[in-house]
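Read the structure below first, then the notes.
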Amino acid sequence: MHAAKQIHERLLAQIEDANYRYYVLDDPSIPDSEYDHLLREIERLEQAHPELATPDSPTRRVGHAVQASFGKVKHRIAMLSLANAFSDEEVADFLHRIANTVPPEQLEFSCEPKLDGLAISLRYEDGRLVQAATRGDGEEGEDVTVNIRTIRCIPLKLRGQPYPKVLEVRGEVYMPRRGFEIYNHRALQRNEKTLANPRNGAAGSLRQLDPKITASRPLSFYAYAIGETEGMAMPGTHTEILAMLRAWGLPVSAEVKTVLGLQAVLEYYRGMLQRRDGLAYDIDGVVYKLDSISWQNELGFVSRAPRWAIAHKFPALEQATTVLAIDVQVGRTGAITPVARLQPVNVAGVTVTNATLHNADQIARLGVRVGDRVIVRRAGDVIPEVVRVMLQERPKDARGEPLNPDFEMPVKCPVCGSDISREEGESASRCTGGLYCDAQRKQAIIHFASRKAMDIAGLGERIIDDLVSYDYVHHVADLYALDIETLQEMRRRSQAEPGQQDIGPIKNEASKWAENLLTGIAASKKTRLDRFIYALGIRDVGEATAKTLARQFGDLPALMQADEQRLLRIPDVGPIVARRIAAFFAQTHNREVIDGLLKAGVHWPVNEAKAEADGPLSGQTFVLTGSLMAFTREQAGEKLEALGAKIASSVSKKTSVLVAGEDAGSKLAKARALNVRVWSEQDLLDFLAEHGAGA
DNA sequence: TGGCCTCGAGTTCA
DNA sequence: CTCGAGGCCA
C-alpha cells in the first residue's frame with residue numbers, strides 16, 4: 001500500500017517535471033514514448049489503488065461529463081482590454097504621454113508577442129487550479145474550468161516554490177499552427193468539419209460542452225499577467241512577475257524582452273514582424289507594458305484600458321477580397337489546376353492576385369463561386385490561400401437565390417481541346433492531350449531546362465513560351481538546332497504582337513541576348529546521366545529516382561532496354577513507376593527525341609563507378625535545411641554524398657543528421673521533436689575538413 | 001492491409 | 001512548403 005503510494009508520488013513528480021521542462025523551459029527531457037509510458041504506469045496504479053487518483057492527477061485531465069451550459073464567473077479584478085496602435089507615431093504618442101509622469105530612464109517596457117487566441121483567467125488556491133474563466137465582457141466571463149484542465153501545458157498544481165494562497169493568472173489560450181494543420185488534415189480525412197483558422201479553433205474548442213472534444217484539440221497557453229493575489233507580496237516589475245510565473249510552472253513566451261525607450265520598442269516590433277512567419281503560432285501584434293508596477297499604479301486607467309500598456313498591431317494576415325474569375329492551368333503532367341483570380345489585395349505586406357484552388361474537391365469544400373467575397377490568408381508559408389467564402393455577402397436575386405453559378409471543371413482542355421479525365425481515386429483531373437497539348441509541351445521544356453535538370457542558362461519561361469507558340473521548338477531536341485537568326489526572327493515577331501511597344505529595339509542588344517542563350521544551350525550538352533534522366537520528365541521519376549536509376553544502370557542504353565521485370569528489382573521502383581518508365585521508352589516518339597539529343601552532342605561521363613559504399617558516412621541519411629553561408633544546399637549535399645551519405649528531402653526518425661543553416665523552419669522543429677541529431681553549418685564544415693573534403 | 005517514410009508535383013511574389 | 005500518392009515493411 002505504502003509502496004504503491006510512494007511509487008505513485010515518484011511517477012507524478014517525474015511527469016510534472018517532464019511537463020515543466022517541455023512546456024515552460026522548452027527543453028524536452030524525455031521522448032514522447034517515455035512520457036506516454038509514464039502516464040500509462042500512473043493510470044495502472046490508480047486503477048489498482050483508486051484512492052491515489054486525486055483530482056490533480058495528470059490522468060484526470062478529462063475527468064468530467066458533458067455539461068448542460070457554462071456557469072458565470074465574476075472577475076474580482078476586471079479583465080481589461082488594451083488600446084491599439086497601428087503606426088509608429090501612435091506608439092510614440094503613447095510613450096510621450098507616459099513620459100509626462102515617468103522619468104525617461106525608467107521608461108522600461110516589457111515587450112511580448114500578442115497571441116491571436118482567447119484571454120483566460122486561471123485561479124489557483126493553495127497551489128491548485130480551482131477555476132478557469134473566459135474574459136467575457138471583462139466583468140463577467142464563463143466558467144470553462146473542465147475544458148481548461150484538458151490543456152496539457154497548464155499545470156493543475158503549481159510547482160515547489162512558495163506561492164500565494166490565492167493566485168489568479170491571466171494569459172492566452174491559443175492553437176499552435178502545426179497543431180491546427182494536423183487537426184484539419186485529420187478532420188478532412190474523416191469527413192469532419194475543419195476549423196477556419198487557429199484563432200477560431202481556440203475559441204471554439206473552449207466553448208465545447210463536452211470536455212472530451214476540447215481534449216482532442218491541440219491547445220496551448222502562455223501566461224502574461226496576474227490578477228488577484230492573496231497571502232504573498234508580488235515583485236515590483238512585470239518582468240519579475242513573469243519570471244515567478246515561470247518558476248511556478250506556468251508557460252511564459254520565450255519572446256518576452258525588457259527594453260528601454262521608444263527606439264528599442266520599435267526595434268522589437270520590427271524584429272517580431274520579421275520573424276512572424278517563422279513562429280509556431282499566429283500573432284497579430286506585440287504588446288508593450290511599462291515594467292514598473294508602481295508607475296503602472298500611478299498612471300492608472302482611462303475608461304476600459306490601462307494607460308501603461310498598448311498593443312502595437314501588425315498588418316492583417318487575412319484580408320477579404322473578391323473572386324474575379326476561376327481559371328484553370330495545365331501542368332507538365334496535364335494536371336488541371338483551378339486558380340482563383342482575385343481583386344488585388346495586400347495581405348501582410350504583399351499584393352496577392354492569384355490563389356490556387358488545387359482541385360475540384362477543394363472548390364467543392366470551399367463552395368467558392370465567381371463573384372464571391374472570400375477571405376484570403378497568408379500564413380506560416382508564403383503561399384496565399386482562400387480560407388473561406390463570406391456566404392452572407394454572396395450576390396442574390398429577388399427570390400434570394402444566388403446569382404453566380406457553381407464552378408464546373410471544364411470537360412475539354414482550354415489549351416488543346418483534348419478531353420479532360422479524372423482517374424478513379426485521384427484528386428487531380430488531367431488533360432489527355434499529352435505532348436499534343438501546347439501547355440504540356442511548354443511545361444516539359446521548362447522542366448528540361450530547369451536548374452536541377454539540364455540547367456540551361458538564359459532559357460526562361462517567357463522565351464520558352466514564344467519558342468513553342470511560334471513553333472520554333474516542337475520538342476526538346478529542337479533546342480539544340482536553334483541559331484542566332486532564328487532567335488532574332490522570333491524576337492521580331494513577338495515584339496510585333498499587339499500590345500507590345502514599337503519595334504526597332506537596338507540590334508546589338510537583341511543579338512547579345514540570343515548569343516547568351518546559345519552559349520547556355522551549348523554548355524548544357526555536357527551533363528550527368530541522372531540529370532538527363534530527370535530532364536526527360538518521366539512521370540513519377542524525380543530527382544531521387546533518376547539518381548537511383550543512373551547508379552543502378554550505369555548508362556542509358558541499359559535503362560532503355562530494361563523491361564518492367566528488370567525495373568521492379570530497382571529499389572524505390574514499384575509496379576507503377578516501372579510501368580511508367582517502360583512505357584516512356586517504348587514510345588517511338590520519345591526514342592527519337594533522345595536520339596536527337598545524343599546526335600546534337602548531349603553527353604555525360606559513363607559509369608563513373610562510384611565506390612560510395614565505403615565512405616565514412618555510408619548507411620547514414622542526411623537532410624539539409626535553412627540557408628548555408630559557404631555553399632548551397634546542393635553543393636553541401638554533393639560533398640556528403642561523396643562521403644557515402646544518402647540525402648533525403650524530409651526528416652523522419654530514420655534521419656541520421658539534420659544540417660540546419662540560418663532560418664531553418666519546420667524541419668528543425670521536427671528533428672528536435674524526433675530527437676534527431678542536428679548539425680550547424682560549422683559542424684558540417686568541421687566534419688568535411690576532417691575528412692579531407694573541405695569547402 | 002495498414003501505417004509509416006519518402007518522393008514528386010505544383011505553387012506565389014518581388 | 002505542403003499535399004497526395006507510391007513504395008516498403010510489419
Side-chain angles (χ1 to χ4, degrees), chain A residues 177-178 180-182 184-186 188-189 194 277-278 327-342 344-362 365 376-386 422-430 439-440 443-444 446-447 450 452-453 461 530 533-534 536-549 567-581 621-627 633 646-656 663-670 674 676:
Chain A
R177 278 187 196 145
R178 184 98 200 122
F180 166 78
E181 278 155 17
I182 294 172
N184 267 359
H185 185 70
R186 294 222 180 106
L188 270 183
Q189 286 179 335
T194 55
D277 288 345
D327 291 349
V328 297
Q329 287 176 349
V330 186
R332 173 168 67 90
T333 62
I336 303 286
T337 318
V339 187
R341 308 286 177 205
L342 305 167
V345 64
N346 189 298
V347 188
V350 293
T351 310
V352 174
T353 49
N354 299 314
T356 176
L357 295 168
H358 300 295
N359 52 50
D361 287 349
Q362 174 78 355
R365 213 146 47 219
V376 175
R377 179 185 173 82
R378 206 180 68 96
D381 52 353
V382 194
I383 296 175
E385 57 177 353
V386 174
R422 185 171 172 177
E423 299 280 315
E424 192 71 30
E426 279 218 325
S427 54
S429 308
R430 290 182 198 281
Q440 290 186 56
Q443 294 297 325
I446 291 170
H447 174 79
S450 67
K452 288 171 176 173
E461 287 189 31
D530 59 304
I533 295 172
Y534 173 67
L536 293 174
I538 307 168
R539 251 242 265 169
D540 287 333
V541 176
E543 254 187 297
T545 312
K547 231 169 220 172
T548 313
L549 291 172
L567 287 162
L568 272 173
R569 298 211 304 272
I570 307 293
D572 300 337
V573 174
I576 294 176
V577 175
R579 204 176 60 234
R580 294 244 155 87
I581 297 171
T621 308
F622 277 64
V623 176
L624 299 146
T625 188
S627 46
R633 278 199 299 271
K646 185 174 178 297
I647 307 296
S649 54
S650 55
V651 176
S652 73
K653 58 185 172 192
K654 288 187 181 167
T655 310
S656 323
D663 292 325
S666 64
K667 282 183 192 166
L668 179 57
K670 191 166 179 203
L674 292 173
V676 165

What nucleotide among dG7(C), dT11(B), dT12(B) has an atom nearest to a side-chain atom of Pro384(A)?
dT12(B)
N/O (side chain, Thr333(A)) to phosphate O (OP1/OP2, dG10(B)) under 4.0 Å:
yes
Is any side-chain nitrogen or oxygen of Gln329(A) closer than 4.0 Å to OP1 or OP2 of dT11(B)?
yes
Pick the nucleotide of DNA chain B nearest each of Pro338(A) and Thr351(A); which residue has the one closer to the 5' end?
Pro338(A)
Below 4.0 angstrom from OP1 or OP2 of dA9(B), is there any side-chain N or O of Arg332(A)?
yes
Closest to the side chain of Thr337(A), out of dG6(C), dT11(B), dG8(B), is dT11(B)
Which part of the nucleic acid, if any, lies within reach of Lys452(A) when heavy atoms closer than 4.0 Å are counted: base, sugar-phosphate only, or nothing?
nothing
Apply salt bridge (charged side-chain N to carboxylate O under 4.0 Å, His left out) to residues Arg422(A) and Asp361(A) and explain how you reach the verdict.
CA-CA 12 Å; Arg422(A) 185 171 172 177; Asp361(A) 287 349; 3.1 Å; yes
Do the side-chain N or O atoms of Lys547(A) get closer than 4.0 angstrom to the phosphate oxygens (OP1, OP2) of dT6(B)?
no
Indicate yes or no for a side-chain donor-acceptor contact from Arg332(A) to the backbone of Gly537(A) under 3.5 Å, with no hydrogens or angles considered.
yes
With respect to the phosphate group of dG8(B), does any side-chain polar atom (N or O) of Ser649(A) fall under 4.0 Å of OP1 or OP2?
no
Rounded distance (Å) that lies between atom C1' of dT11(B) and atom CD1 of Ile336(A)
16 Å
Is the distance from OP1 or OP2 of dT12(B) to the nearest side-chain N or O of Thr353(A) less than 4.0 Å?
no
Among dC7(B), dG10(B), dT12(B), the nucleotide that comes nearest once only the side chain of Ala648(A) is considered
dC7(B)
Between P on dG10(B) and CZ on Arg430(A), what's the gap in Å once rounded to a whole number?
7 Å
Nucleotide nearest Thr545(A) when distance is taken to its side chain, options dG7(C), dG8(B), dT11(B):
dG8(B)
Within the 4.5 Å heavy-atom criterion, are Ile581(A) and Leu549(A) side-chain neighbours or not?
yes
Rounded to the nearest angstrom, tell me the gap between atom CD in Gln362(A) and atom P in dG10(B).
17 Å
Distance in Å, Asn359(A) CG paired with Thr337(A) OG1, rounded so as to fall on 0.5 Å steps:
8.5 Å
Protein-nucleotide distance (Arg422(A), atom CZ; dA5(C), atom P), rounded to Å
9 Å
Could you tell me whether the phosphate oxygens of dC13(B), OP1 or OP2, come under 4.0 Å of any side-chain nitrogen or oxygen in Asn354(A)?
yes
Taken to the nearest whole Å, NE2/His358(A) to C1'/dC1(C) is 11 Å
Val577(A) has a side chain; which of dG6(C), dT12(B), dC7(B) sits nearest to it?
dG6(C)
Regarding Ala428(A), tell me which of base, sugar-phosphate or nothing describes its non-hydrogen contacts under 4.0 Å with the strands shown.
nothing
Please check this pair: side chain of Ser656(A) against backbone of Thr621(A), looking for a donor-acceptor N/O pair closer than 3.5 Å.
yes
Nearest heavy atoms of Ser650(A) and Thr655(A), plus distance in Å:
O-OG1, 3.9 Å
Return the value, rounded to whole Å, for the distance between atom OH of Tyr534(A) and atom P of dG8(B).
8 Å
Integer-rounded Å distance: dT6(B) C1' and Phe622(A) CZ:
18 Å
If the cut-off is 4.0 Å, is Lys653(A) near the phosphate of dC5(B), judged by side-chain N/O to OP1 or OP2?
yes
What's the CZ-P distance between Arg580(A) and dG6(C), to the nearest Å?
7 Å
Of all the choices, dG10(B), dC7(B), dC5(B), which nucleotide is nearest to the side chain of Lys654(A) once you look at every atom?
dC5(B)
